[in-house]
Amino acid sequence: PLPDERDPNSVRSAQHEDINLITLLCASTESGLEVMDHDGSWFKVETGPEYIIVDSGDMIQNITNGLFKSTTHRVVNPSDSNRRRFSMPMFVHPRNEIDLTPLPKFIEMTGGIQKFQNITAGEYLHQRLVEIGLADSWGVKLRIQELIAKKRDGKVFSGKEITYLISELCNEKIQPE
């Protein structure tokens, strides 16, 4: 239930896109999910225990060079403030080492110019978590220095080796404990 003093224009979940490849939203108990259409308007998504909603995420947008857009969505409050809404999202992520670089066939299908970055799933996830404040890039920099010092043993690292160490650290940083 919602508090009586709530702003009638407030939302349960502000507009956003999901970071992952796809999101499966299973068995929502109430309506409220809205998706932004191409013209910027919002439309209601029919929900219920018999439906599975599939949203494309930022990672699928990257690998398809924008052919499949990340779904902008939000959850609005119900008109009856005594109703509760439960849903069970499943966020589908690739393994951290999976390359999300836009595939040539999608670059060709979207005008021949690469619009999205070359990046692995682990790097992408970490980058986005830093952007939204759920990970600390400063702590990562300090850990990179520690890793390099620990593994150096007097040798000079190539750019590829440094990239590998950063990737290794990102994977370490974002793995659940």
Side-chain angles (χ1 to χ4, degrees), residues 1-3 5-103 106 109-110 114-140 167 170-171 173-177:
L2 299 169
E5 65 278 358
R6 78 174 166 95
D7 178 346
N9 297 316
S10 66
V11 294
R12 288 189 177 195
S13 178
Q15 81 175 50
H16 65 282
E17 297 82 29
D18 295 335
I19 296 170
N20 47 285
L21 280 172
I22 61 172
T23 300
L24 302 175
L25 185 61
C26 307
S28 180
T29 60
E30 288 291 329
S31 62
L33 178 63
E34 294 184 345
V35 172
M36 184 182 284
D37 208 343
H38 298 288
D39 64 4
S41 62
W42 293 97
F43 65 89
K44 295 178 184 193
V45 177
E46 190 173 343
T47 58
E50 67 276 17
Y51 295 105
I52 297 176
I53 310 302
V54 181
D55 284 346
S56 54
D58 294 342
M59 290 182 180
I60 205 95
Q61 179 174 269
N62 200 95
I63 202 167
T64 65
N65 203 43
L67 182 65
F68 295 110
K69 305 284 186 224
S70 186
T71 306
T72 302
H73 57 284
R74 67 183 181 183
V75 179
V76 298
N77 288 315
S79 54
D80 178 356
S81 63
N82 290 317
R83 308 281 311 232
R84 293 181 178 186
R85 181 180 186 277
F86 296 97
S87 62
M88 182 63 67
M90 183 176 107
F91 302 108
V92 180
H93 287 267
R95 293 185 323 271
N96 288 333
E97 69 274 10
I98 298 299
D99 187 7
L100 298 179
T101 299
L103 297 173
F106 292 116
M109 293 170 72
T110 56
Q114 183 174 330
K115 302 172 189 170
F116 293 85
Q117 61 186 327
N118 296 349
I119 195 165
T120 65
E123 293 163 339
Y124 192 89
L125 177 59
H126 186 261
Q127 173 184 301
R128 291 300 310 282
L129 292 176
V130 169
E131 288 172 9
I132 62 175
L134 294 177
D136 180 3
S137 62
W138 180 252
V140 170
S167 173
C170 288
N171 291 341
K173 178 118 174 125
I174 61 177
Q175 291 297 323
E177 296 188 18

Rounded distance (nearest 0.5 Å) linking atom [atom1] of [X] with atom [atom2] of [Y]:
{"X": "I63", "Y": "L100", "atom1": "CD1", "atom2": "CG", "answer": "5.5 Å"}
{"X": "E123", "Y": "E97", "atom1": "CD", "atom2": "CD", "answer": "11.0 Å"}
{"X": "E46", "Y": "L33", "atom1": "CD", "atom2": "CG", "answer": "12.0 Å"}
{"X": "T72", "Y": "W42", "atom1": "OG1", "atom2": "CH2", "answer": "6.0 Å"}

Any heavy-atom pair between the side chains of [Y] and [X] that's under 4.5 Å?
{"X": "L103", "Y": "T64", "value": "no"}
{"X": "C26", "Y": "I53", "value": "no"}
{"X": "T120", "Y": "N96", "value": "no"}
{"X": "D58", "Y": "Y124", "value": "yes"}
{"X": "E17", "Y": "Q61", "value": "no"}
{"X": "I98", "Y": "H93", "value": "no"}

Would a distance-only check, ignoring hydrogens and angles, find a side-chain to backbone donor-acceptor pair under 3.5 Å from [X] to [Y]?
{"X": "N65", "Y": "K115", "value": "yes"}
{"X": "N20", "Y": "F91", "value": "no"}
{"X": "D37", "Y": "D39", "value": "no"}
{"X": "T110", "Y": "F106", "value": "yes"}

Restricting to non-hydrogen atoms, name the atom on [X] and the atom on [Y] that form the minimum distance, rounded to 0.1 Å.
{"X": "A121", "Y": "M59", "answer": "O-CE, 3.6 Å"}
{"X": "G66", "Y": "F116", "answer": "N-CE1, 3.4 Å"}
{"X": "G57", "Y": "S70", "answer": "C-OG, 3.4 Å"}

Identified side chain to side chain donor-acceptor pair (under 3.5 Å) partner of E34 from the options K44, Q15, R74: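 So the option named by the test is R74.
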Partner set under side-chain contact (heavy atoms from CB on, under 4.5 Å) for T71, not counting sequence neighbours: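 Testing T71 for side-chain contact (heavy atoms from CB on, under 4.5 Å), a comparison that skips the adjacent residues, returns V35, D55, S56, H73.
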Does Q114 form a side-chain contact (heavy atoms from CB on, under 4.5 Å) with T101? I'd like the steps, not just the answer. CA-CA 9 Å; Q114 183 174 330; T101 299; 4.3 Å; yes
